[in-house]
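As the structure lists them, so they are numbered: ligands from 1, and atoms in each ligand from 1. Predicted, not measured: the structure shown is a model, and the values here were computed from it.
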Amino acid sequence: MARILIIGATGGVGARLIPLLAADAHEIHGLHRAPAQAKDLQRQGVTPHGGDLMEMSEDDYAALVSGMEVVVFSAGAAGSGADRTTEIDGNGPVKLIRAMEREGVTRLVLVSVFPEAGRDRAPSDGFEHYMACKKRADVAVAASGLDWVIVRPGTLQDADGDGMVRAGRAVPYGDVARGNVARLIAEVVATPALRREAIELTDGDTPVAEAVAALRRDG
Ligand SMILES: NC(=O)c1ccc[n+]([C@@H]2O[C@H](COP(=O)([O-])OP(=O)(O)OC[C@H]3O[C@@H](n4cnc5c(N)ncnc54)[C@H](OP(=O)(O)O)[C@@H]3O)[C@@H](O)[C@H]2O)c1
């Protein structure tokens, strides 16, 4: 059992992660920005913490992560504008890392993006900016002293999925159900030996637990 904070708890991936972590008897905390979301999180057994990532300083992040054992960052600006992408997808994880290091919280699971995302479409400034912000966050995480895992999903589908994935340090690009992303994160949380790894992820034909076990370097 661990005390886990989900940043992005009300999102497509985050909301699907909550019942999986609850089933493993974890103590779950979730960041939300709309006051009305607090009751809904509480109903799911999640301790709500109000906060807007557009406004949060490193100190605010430090207060939020204090006492946590694992942090999952699955928030995103979701195409709501360049400034929001810069602050949420780019600066957010950077501030979070510094706050975790300050507070002695060591385990971070960051939801990033598949490197080949959007390569089959005409480039747009907004999407290129999004990819650059995600990469900036990945670089900061990988350079940190944390026990990090970066998850790089393919194109997200609004589906629960069937728990069958293709996950590895390099796999072909494809779609992935948000539910399968949540399952993989839950399995990563349950596997503390897996650390300092970046995992590309699509739907596939390997059970999540098997896919995560195959990535372990500790035998
Ligand atoms: N779309 C894709 O195909 C794709 C592919 C690969 C990776 N990703 C990444 O995967 C991650 C999860 O995606 P998703 O589909 O679960 O995202 P989502 O459904 O758009 O959820 C985003 C989450 O971030 C929260 N959030 C946004 N702005 C916030 C703010 N200012 N303050 C506090 N919370 C804020 C949202 O809260 P609210 O409930 O208040 O909106 C929500 O909980 C994201 O990092 C995304 O960039 C996406």
Between [X] and ligand 1, which residue portion shows a heavy-atom distance shorter than 4.0 Å: side chain, backbone, both, or neither?
| X | answer |
| --- | --- |
| Ser112 | backbone |
| Val181 | neither |
| Ile88 | side chain |

[atom]: nearest protein contact (heavy atom, Å):
| atom | value |
| --- | --- |
| atom 19 (O) of ligand 1 | Gly12 N, 2.8 Å |
| atom 36 (C) of ligand 1 | Thr10 OG1, 4.0 Å |
| atom 16 (O) of ligand 1 | Val13 N, 2.8 Å |
| atom 11 (C) of ligand 1 | Val111 CG1, 3.6 Å |
| atom 31 (N) of ligand 1 | Asp52 OD1, 2.7 Å |
| atom 32 (N) of ligand 1 | Leu53 N, 2.8 Å |
| atom 48 (C) of ligand 1 | Leu156 CD1, 3.3 Å |
| atom 47 (O) of ligand 1 | Tyr130 OH, 2.8 Å |

Is the shortest N/O to N/O distance between Ala34 and ligand 1 below 3.5 Å?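 Not met; the criterion fails.
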Does any N or O of ligand 1 fall below 3.5 Å from an N or O anywhere on His32, backbone included?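 Not met; the criterion fails.
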Could you go through residues 171-179 and list every donor-acceptor pair under 3.5 Å that involves a side-chain atom there, pairing it with any protein atom two or more places apart or in another chain?
from	atom 1	to	atom 2	distance (Å)
Tyr173	OH	Thr155	OG1	2.5
Asp175	OD2	Gln157	NE2	3.4

Do Lys95 and Asp59 meet the salt-bridge criterion of a basic N to acidic O distance under 4.0 Å?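 No.
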Just going by heavy-atom distances, which of [options] is nearest to [atom]?
| atom | options | answer |
| --- | --- | --- |
| atom 23 (C) of ligand 1 | Ala75, Cys133, Pro93 | Ala75 |
| atom 28 (N) of ligand 1 | Arg33, Met56, Arg16, Lys134 | Arg33 |
| atom 21 (O) of ligand 1 | Gly11, Ala182, Ala117, Ala78 | Gly11 |
| atom 15 (O) of ligand 1 | Arg84, Gln157, Arg178 | Arg178 |

Taking only non-hydrogen atoms of [X], do any sit less than 4.0 angstrom from ligand 1?
| X | result |
| --- | --- |
| Gly51 | yes |
| Ser74 | yes |
| Gly154 | yes |
| Glu55 | no |

May I ask you to list the atoms of ligand 1 that are less than 4.0 angstrom from any heavy atom of [X]?
| X | value |
| --- | --- |
| Met54 | 31 (N) |
| Thr155 | 3 (O) |
| Asp89 | 47 (O) |

Just wondering, do [Y] and [X] contact through their side chains at under 4.5 Å, heavy atoms?
| X | Y | answer |
| --- | --- | --- |
| Val71 | Ile7 | yes |
| Leu110 | Asp138 | yes |
| Glu197 | Leu194 | yes |
| Thr191 | Val149 | no |
| Asp147 | Leu108 | no |

Looking only at side-chain N and O atoms, does Asp83 offer a donor or acceptor that is under 3.5 Å from a partner on Thr86?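 Asp83 and Thr86 do not have a side-chain donor-acceptor pair below 3.5 Å.
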Hydrophobic cluster membership, with links at side-chain heavy-atom distances under 4.5 Å among I/L/V/M/F/W/Y: are [X] and [Y] in one?
| X | Y | answer |
| --- | --- | --- |
| Val151 | Ile6 | yes |
| Val111 | Ile4 | yes |
| Val109 | Val65 | no |

Side chain Ser80, main chain Ala77, donor-acceptor under 3.5 Å: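 Pair found, side chain donor or acceptor close to backbone of Ala77.
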Arg183 side-chain N/O to Ala209 backbone N/O, donor-acceptor pair under 3.5 Å: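 Checking the backbone N and O of Ala209 against the side chain of Arg183, no donor-acceptor pair under 3.5 Å is found.
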Can you pull the ring pair (Phe, Tyr, Trp, His ring centres under 6.0 Å) pairs that have at least one residue in residues 39-73, sequence neighbours excluded?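 Of all non-adjacent pairs touching residues 39-73, those that pass ring pair (Phe, Tyr, Trp, His ring centres under 6.0 Å) are His29-His49.
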